[in-house]
> 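Before anything else, here's the structure in question.
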There are 2 protein chains.
Amino acid sequence: MNDLDRRVPWQRPTTAFLLAQIGAHAATRFAQRIAGLDLTPPQAGLLRLVGVQPGQSQQVIARRLGTPPSRLVLLIDDLEGRGLVERRRNPDDRRHHALYLTDKGTAFMRNELGPAGAAHDDDICAGLTGAEREKLHDLLTRITAQQELTEGVHPGYRQLGP
Amino acid sequence: MNDLDRRVPWQRPTTAFLLAQIGAHAATRFAQRIAGLDLTPPQAGLLRLVGVQPGQSQQVIARRLGTPPSRLVLLIDDLEGRGLVERRRNPDDRRHHALYLTDKGTAFMRNELGPAGAAHDDDICAGLTGAEREKLHDLLTRITAQQELTEGVHPGYRQLGP
DNA sequence: TATTGTTATACTCTATAACTATA
DNA sequence: TATAGTTATAGAGTATAACAATA
């Protein structure tokens with residue numbers, strides 16, 4: 001028992017602390033993994049959201065992600081320049097740019113990013129059995145519901161260190 | 001079933017994704033909570049570490065936190081200016097500054113930061129029963145061990161939004 | 001010369017505000 | 001005038017590098 005433990009009631013890390021610690025760790029590891037795909041975490045999140053909800057305007061996507069629309073511009077510029085995402089002007093209102101995955105983008109999700117995400121999940125859960133992973137997934141899903149977190153979206157993607 | 005689900009095998013968020021999502025959420029909520037104590041998350045982490053391992057030099061603390069020593073200076077300056085932390089020069093080697101909590105700092109941990117952490121934990125786990133919280137804590141602890149994460153330290157504290 | 005702590009500087013990421021075009 | 005998207009600017013946070021004191 002150390003000095004502080006004698007005085008404050010923190011004998012062990014709280015569950016919330018462990019969640020933040022492991023969450024940060026998982027985000028960092030994910031960033032490192034997809035760096036090999038020349039992708040930053042925000043780009044990966046955007047790519048996934050465009051794939052799941054194609055045809056949305058940049059305004060809608062920005063609101064969904066909780067980010068200012070101006071931030072999307074450069075992210076999309078890069079993804080579009082690499083031929084993964086496509087802006088299509090709406091003929092009815094030429095101010096809107098609807099976003100779609102290209103065929104190349106779809107293949108990238110299936111062959112590169114998808115497997116990377118699965119491998120990442122295996123990495124993080126390596127210490128648990130299959131049944132334990134299910135239990136953990138269930139408990140975490142309950143938390144996301146109670147805390148009213150948007151499915152498939154989170155702001156905490158972390159950049160890669162040196 | 002949406003467009004992307006037909007093409008890539010991501011029917012549900014992975015466990016690793018949920019961990020990152022909830023971890024980011026928890027970090028943000030914690031930042032909001034301790035903002036009422038005029039404390040940033042990095043300051044809270046430093047304060048706790050100084051309390052748990054008093055008498056360490058800034059170099060040692062920096063290595064433990066995985067942060068450059070220069071970053072500690074301003075954090076400590078602020079905490080010292082508020083009378084929560086104390087630098088003590090080592091008479092044997094006057095280059096070293098050993099860090100300690102003041103009595104005021106110890107009281108602050110017990111009466112302010114400690115209860116805030118407990119309330120935060122209750123908030124995040126509000127959707128789970130007591131037994132479920134135990135189970136979750138156990139599973140998360142297993143992950144931290146397998147992933148070799150340092151107890152009580154994580155780099156992912158998040159700043160407060162607007 | 002090597003190390004501790006500090007100060008100065010630069011870089012990254014993000015948000016805010018100004019601007020263009022369409023309506 | 002109002003909105004979608006873009007560009008320009010500024011801020012927060014952090015890291016890197018130069019510096020002073022001590023060994």
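Order of the sequence lines sets the chain letters (A, B, ...), proteins ahead of strands, with each chain counted from 1. Just so it is clear, the model here is predicted, and its values are computed rather than measured.
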> What integer distance in Å separates D78(B):CG from dA12(D):P?
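Taking CG of D78(B) and P of dA12(D), I get 15 Å after rounding.
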
> Among the candidates dT6(D), dT22(C), dT4(C), find the nucleotide nearest to the side-chain atoms of H96(B).
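So the nucleotide nearest the side chain must be dT4(C).
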
> Show, in sequence, the C-alpha distance, side-chain angles and deciding distance for E151(A) and T144(A), and conclude whether the side chain to side chain contact (heavy atoms under 4.5 Å, CB included) test is met.
CA-CA 8 Å; E151(A) 173 166 338; T144(A) 60; over 6 Å; no

> State plainly whether the residues E134(B) and R12(A) are in salt-bridge range, i.e. N to O under 4.0 Å.
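The answer is yes: the pair qualifies as a salt bridge.
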
> Of the nucleotides dT7(D), dT14(C), dT16(D), which one has an atom closest to the side chain of P42(A)?
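Ranking dT7(D), dT14(C), dT16(D) by closest atom to the P42(A) side chain puts dT14(C) first.
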
> In whole angstroms, how far is the P atom of dA21(C) from the CG atom of D92(A)?
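Going from CG in D92(A) over to P in dA21(C) covers 22 Å.
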
> Using whole Å, what does the distance between atom P of nucleotide dT6(C) and atom CG of L72(B) come to?
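To the nearest whole Å, that distance equals 9 Å.
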
> From C-beta outward on Q58(A), which listed nucleotide comes closest to its side chain: dT14(D), dG5(D), dT14(C)?
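Nucleotide nearest to Q58(A)'s side chain: dG5(D).
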
> Quick one about R64(A) and Q56(A) (side-chain donor to acceptor, distance below 3.5 Å, no hydrogens or angles considered), yes or no?
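There is no such pair (donor and acceptor under 3.5 Å, judged by atom type) between the side chains of Q56(A) and R64(A).
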
> Considering only side-chain heavy atoms of V73(A), which listed nucleotide, dA23(C), dT16(D), dT7(D), is closest?
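Side chain of V73(A) sits closest to dT7(D).
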
> On DNA chain C, check which nucleotide each of R63(B) and D77(B) is closest to and give me the residue with the more 5' one.
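Of the two residues, R63(B) wins.
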
> Can you tell me the distance, in whole Å, between the CZ atom of R71(B) and the C1' atom of dG5(C)?
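Nearest whole value for this atom pair: 17 Å.
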
> For the atom pair CD (Q53(B)) and CZ (R48(B)), what is the distance rounded to the nearest 0.5 Å?
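One finds 9.5 Å between CD of Q53(B) and CZ of R48(B).
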
> Considering only side-chain heavy atoms of R95(B), which listed nucleotide, dT7(D), dT6(C), dA2(C), is closest?
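Looking only at heavy atoms from C-beta outward on R95(B), the closest nucleotide is dA2(C).
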
> Restricting to pairs with a member in residues 80-120 of chain A, which pass ring pair (Phe, Tyr, Trp, His ring centres under 6.0 Å), not counting sequence neighbours?
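For residues 80-120 of chain A, and leaving out neighbouring residues, the ring pair (Phe, Tyr, Trp, His ring centres under 6.0 Å) pairs sorted by first residue read F30(A)-H120(A).
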
> Nearest to the side chain of R87(B), heavy atoms from C-beta on, is which of dT22(C), dT6(D), dT6(C)?
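Looking only at side-chain atoms, R87(B) lies closest to dT6(C).
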
> Rounding to an integer number of Å, can you tell me how far Q59(B) CD sits from dT4(C) P?
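For the pair Q59(B) CD and dT4(C) P, the rounded distance is 5 Å.
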
> In whole Å, what is the span from the CZ atom of R89(B) to the P atom of dG5(C)?
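So the two atoms are 9 Å apart, to the nearest Å.
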
> When the nearest nucleotide of DNA chain C is assigned to T67(A) and to P91(A) on a heavy-atom basis, which residue is associated with the more 5' position?
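Residue closer to the 5' terminus by nearest nucleotide: T67(A).
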
> Can you figure out which of dG5(D), dA17(D), dA23(D) approaches the side chain of S70(B) most closely?
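Among dG5(D), dA17(D), dA23(D), the one nearest the side chain of S70(B) is dA17(D).
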
> What is the distance from NE2 of H97(B) to C1' of dA20(D), rounded to the nearest Å?
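Value for this atom pair: 12 Å.
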
> Could you tell me whether a side-chain N or O of D121(B) sits under 3.5 Å from a main-chain N or O of G117(B), the two making a donor and an acceptor?
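Not at all, since once roles are kept as given, no pair shorter than 3.5 Å links the two residues.
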
> Please report how far the helix from dT1(C)-dA23(D) to dA23(C)-dT1(D) bends, comparing the axis fitted to its first five pairs with the axis fitted to its last five, to the nearest 10 degrees.
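It comes to 30° between the two terminal axes.
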
> Who passes salt bridge (Lys or Arg N to Asp or Glu O under 4.0 Å) against R88(B), sequence neighbours left out?
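If we apply the salt bridge (Lys or Arg N to Asp or Glu O under 4.0 Å) test to R88(B), skipping adjacent residues, the hits are E86(B).
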
> Report the distance from atom CG of L75(B) to atom C1' of dT6(C), rounded to the nearest whole Å.
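From L75(B) CG to dT6(C) C1': 14 Å.
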
